[in-house]
Undergrad: 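Here it is: the structure, laid out below.
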Amino acid sequence: MDEQIVQLRAQFEEKLAAVTAVAELEEIRVGFLGKNGSVTGLMKEMGKLSPEEKKAFGQKVNELKNFCTEKISEKQSELARLEMEREINSMPEFDVAMPAETKRGSYHPITLVQRKCENIFRSMGFAVEDYSEVVTDYECFEALNIPKFHPARDMQDTYYLENGQLLKSHTSAAQNAIYKKYRDALINEGKPIRAIFPGRCFRNESTDACHENTFFQMEGVMVDKNISISNLIFFMKTMLSEVFEKDIKVRLRPGFFPFVEPGFELDISCLICGGDGCPSCKHSGWLELCPCGMIHPNVLIEGGIDPEEYTGFAFGLGLTRLAMMKYGIKDIRDLNGADLVNLDQFTDDK
Ligand code: DAH
């Protein structure tokens, strides 16, 4: 019977050495140590032996059993380790010492221009206001001297919401709220109203290189006693010279907007040719940049300000246009395109 034990052990070792998968190992375990396994079978045969033989034999069978259990568990760990090595080796190479990707995104060109304008106007005592993108018909039109059915509404193909509100078609829509917010300080404390309000505007335009349904403007107003067109020209010239970092010449042409009287188109000397005439300015030497004017008395009245006592100017700077000019962006659609590589090139501030 001892021989049986030796044979069984040899068999077990041979089979175990050939194992390459967990499933095979389990088969061996059942084959040797399971209820009907060979080692368990030896135990059953012990009944035929004398009590002395039984003791010695039992000990040997037990040794064999422990030996098998231990070897199976060792093999199990080895297989698990091999499996993990296989997985690691099949992974793409990964260098833990490699420095992290340093690209952190960048500011959008419109954000850059907007911040620059905000800083310049802040330094001249203007408050920077934020305003909602969904506004009422009153705010966007009626308070600006554009009554219902006025033909000036046709110039702004507006998106209306089902509840009668609309997506603001110009930043002028915030004017009325600004007057109401600051008029007490103006009237009671003599503090001039000076505010700019940049914002996103929406119009139902078919898009091409120069038109977009979503664009940015920056509106500005100043109201006080004795405000005149000279004040308007001074602020615009100062601001534009700072934005473009060179002395900019401006000129005013008449322009019609119901909320200003008189109204102007403000042109700047061409940035490319300096005013001599080139293809960019259609050989005129001037670029149209910023509509503006003296605030219409009806608009002041809607804001609760007496036009007999106070006057003011307003302007609606095309921020998108300004960014395109400053950075030489030829297609307006690039600004809303979310192409990070494209938008990344305008800022050092990364
Ligand atoms: N809101 C006008 C538009 O988008 C632009 C404008 C013109 C604004 C004259 C003004 C202004 O403040 O005085 O077409």
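Start at 1 and go down the list; that is how both ligands and their atoms are numbered.
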Undergrad: Side chains of T136 and E139: donor-acceptor distance under 3.5 Å anywhere?
TA: yes
Undergrad: Less than 3.5 Å apart, any donor N or O on the side chain of Q11 or Q7 sitting next to an acceptor on the other?
TA: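 No donor-acceptor contact under 3.5 Å links the two side chains.
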Undergrad: Any ion pair linking R29 and E26 (charged N to carboxylate O, less than 4.0 Å)?
TA: yes
Undergrad: Anything with a heavy atom under 4.0 Å from ligand 1 counts, so go ahead and list those protein residues by chain and number.
TA: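 Contacts of ligand 1 under 4.0 Å: Q156, H170, S172, Q175, R203, Q217, E219, F257, F259, V260, P291, C292, G293, A314, F315, G316.
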Undergrad: Using only atom types and a distance under 3.5 Å, with no angle test, would you say the side chain of T111 pairs donor to acceptor with the backbone of P109?
TA: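 No, T111 side chain to P109 backbone: no donor-acceptor pair under 3.5 Å.
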Undergrad: Test the R9-F67 pair against the cation-pi criterion, namely NZ or CZ under 6.0 angstrom from the six-membered ring centroid and within 45° of the ring axis.
TA: yes
Undergrad: Going by the rule side chain to side chain donor-acceptor pair (under 3.5 Å), which residues pair with E133 if we only count those two or more places apart in sequence or in a different chain?
TA: R200
